[in-house]
> 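Pasting in a structure now, in structure tokens, and then I'll have a few things to ask.
Since this is a predicted model, take the numbers as computed values, not measurements.
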Amino acid sequence: MFIIKLGGSVITKKSKQECFRQNVMDNLAEEINKAGKEVILVHGAGSFGHILAKQYELNGGYKNNSQIKGFSLTHAMVQKLDSLVLNSLNDHGVPAVSIAPHSILKLDNHNLYEMNYKIFEDYLDKHFTPVTFGDVALDKKLGFSICSGDLLVKALAEHFKPEKAIFVLDEDGLYTSNPKTDENAEFIDSITPEKLKRLTTSLDDHADVTQGMKGKINTISELAGSGIDTVLLNGNKRERLYKTLIGEKTKITIVRGGKR
Ligand code: IP8
């Protein structure tokens, strides 16, 4: 099985509120269907979640009552994005079922405190494709905070031990520096978790409430460190996800699981 994170910067235009990239999502849905593998899908919030979450300062936890409205609005928006993702998957033959994080987990100071994995297992047993997403969530210490899709990938990968965890991005993979601002940036096709930890990066253009690329690199090095091969690939380029799923060579960065 594979755990795939569809990055918010791939399926939405991150700087423009509520801008869904239908064509990109449709292509990815078609490739997932064509590969015919067992997958759990996680998607980011992109411009549907990050703009509001930042505006209402949701990730810092409860401070005032106006945030209650912000929490609710942000949830409604990510749920809206999730419906668009589900429709695309269903239209392309992937029997998707949505599992909203806020109703199956609780955080404690941004870390996972408890989560219902059984619901994923039960849907997988019945050959559904579970879809979950970056969401607002209750937090034991902070009242509430943000549950990023990356945190979900990590938790699910540690539980289900997939063949690979795949991060679908709007970049080919990892570079030695930010390819958008540094013309000497070199592409990394394979890296160990130890070397990854040492790689400092400023790949993100937009300040993300969930730390963007820096947070992602931490998550990936932890994942790979626990033995799970992790792939980063470009979701805007046709067939890269498909080829990775069926084990064909294509342009990706692979972070080899530490225990191999
Ligand atoms: O896009 C963030 O999830 P991510 C979720 O996976 C919200 O980091 C609500 C901003």
Side-chain angles (χ1 to χ4, degrees), residues 2-14 16-33 38-56 58-59 69-107 112 115-117 119-120 122-124 126-138 144-157 160 165-170 208-210 216 235 241:
F2 294 84
I3 294 179
I4 306 174
K5 161 100 191 267
L6 303 178
S9 53
V10 186
I11 59 167
T12 77
K13 218 175 180 173
K14 258 193 131 171
K16 195 165 170 243
Q17 182 130 19
E18 259 190 278
C19 191
F20 184 55
R21 297 178 72 207
Q22 185 77 55
N23 288 346
V24 176
M25 182 61 229
D26 286 346
N27 291 340
L28 293 168
E30 190 195 310
E31 291 182 26
I32 291 164
N33 179 50
E38 182 180 56
V39 303
I40 295 178
L41 277 173
V42 179
H43 65 81
S47 56
F48 285 67
H50 283 271
I51 297 172
L52 279 171
K54 198 171 174 194
Q55 186 185 329
Y56 286 92
L58 299 181
N59 207 25
K69 181 180 163 207
F71 182 99
S72 190
L73 284 176
T74 308
H75 175 64
M77 284 295 261
V78 291
Q79 198 82 63
K80 190 170 178 180
L81 172 62
D82 186 58
S83 294
L84 294 168
V85 171
L86 284 189
N87 286 338
S88 171
L89 289 165
N90 285 318
D91 287 350
H92 291 86
V94 181
V97 62
S98 172
I99 302 175
H102 81 95
S103 60
I104 55 138
L105 62 78
K106 193 164 187 178
L107 303 175
L112 196 60
M115 168 145 158
N116 177 5
Y117 294 99
I119 188 152
F120 290 90
D122 287 350
Y123 277 121
L124 286 169
K126 293 178 171 55
H127 307 289
F128 285 99
T129 297
V131 179
T132 190
F133 50 90
D135 196 3
V136 287
L138 293 170
F144 53 67
S145 61
I146 299 285
C147 176
S148 75
D150 290 358
L151 182 71
L152 292 165
V153 172
K154 185 169 171 277
L156 290 165
F160 287 99
I166 303 175
F167 287 85
V168 179
L169 313 171
D170 64 342
D208 234 17
V209 289
T210 47
K216 194 176 300 301
L241 177 59

> Using modelled atom types and a 3.5 Å cut-off, is there a donor and acceptor pairing between side-chain atoms of T74 and backbone atoms of G70?
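Confirmed, T74 side chain pairs with G70 backbone.
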> Side chains of Y56 and K69: does their closest heavy-atom pair fall under 4.5 Å?
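In short, these two side chains touch, coming nearer than 4.5 Å.
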> Could you tell me the separation between the OG atom of S88 and the CD atom of Q22, rounded to the nearest 0.5 Å?
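Reported value, rounded in 0.5 Å steps: 5.5 Å.
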> For a quick test of reading the model, state the closest non-hydrogen atom pair linking L86 to A96 and the distance between them.
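For L86 and A96, the tightest heavy-atom pair comes out as CD2-CB, 3.5 Å.
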> Determine whether a donor-acceptor pair (N or O, by modelled atom type, separation under 3.5 Å) exists between the side chain of S47 and the backbone of T12.
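Pair absent, no side-chain N/O of S47 close to backbone of T12.
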> Quick one: does L89's side chain get under 4.5 Å of T129's, heavy atoms only?
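Heavy-atom side-chain distance check fails, nothing below 4.5 Å.
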> Under the 3.5 angstrom rule, does the side chain of N59 hit a backbone N or O of A53 as a donor-acceptor pair?
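It does not hold such a pair.
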> Output yes when a side-chain donor or acceptor of S9 lies under 3.5 Å from a complementary backbone atom of K14, and no otherwise.
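It does not hold such a pair.
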> What's the verdict on side-chain contact (heavy atoms from CB on, under 4.5 Å) for Q79 and S98, showing C-alpha distance, side-chain angles and the deciding distance?
CA-CA 9 Å; Q79 198 82 63; S98 172; 4.3 Å; yes
> If we only count heavy atoms from C-beta on, is the D82 to D135 side-chain gap below 4.5 Å?
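No, side chains not in contact.
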> Assess whether side-chain contact (heavy atoms from CB on, under 4.5 Å) is satisfied between I146 and V136, documenting all intermediate values.
CA-CA 5 Å; I146 299 285; V136 287; 4.0 Å; yes
> Can you find a pair of side-chain heavy atoms, one from H43 and one from M25, that are under 4.5 Å apart?
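H43 does not reach M25 side chain to side chain.
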> Kindly indicate, with the supporting measurements, whether the criterion side-chain contact (heavy atoms from CB on, under 4.5 Å) is fulfilled by I51 and M77.
CA-CA 10 Å; I51 297 172; M77 284 295 261; over 6 Å; no
> Check whether any side-chain heavy atom of L41 sits under 4.5 Å from a side-chain heavy atom of I32, and report yes or no.
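L41 vs I32: side chains touch.
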> Looking only at heavy atoms, what is the nearest atom pair of F48 and C19, with distance?
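F48 and C19 have their closest heavy atoms at CE1-N, 3.6 Å.
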> Side-chain contact, heavy-atom cut-off 4.5 Å: L241 with I166?
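Sidechains of I166 and L241: in contact.
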> Using the rule given for side-chain contact (heavy atoms from CB on, under 4.5 Å), can you reason through L107 versus L112, listing the C-alpha separation, both sets of side-chain angles and the distance that settles it, and then say yes or no?
CA-CA 5 Å; L107 303 175; L112 196 60; 4.1 Å; yes
> Given 3.5 Å as the limit, does a donor-acceptor pair link the side chain of N33 with the main chain of H92, or not?
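It does hold such a pair.
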> Can you classify the ring geometry of F71 versus F144 as parallel (below 30°), tilted (30 to 60°) or perpendicular (above 60°)?
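Plane angle between 30° and 60°, so tilted.
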> Crowded around Y123 OH? As in, over 12 foreign heavy atoms under 6.0 Å?
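No.
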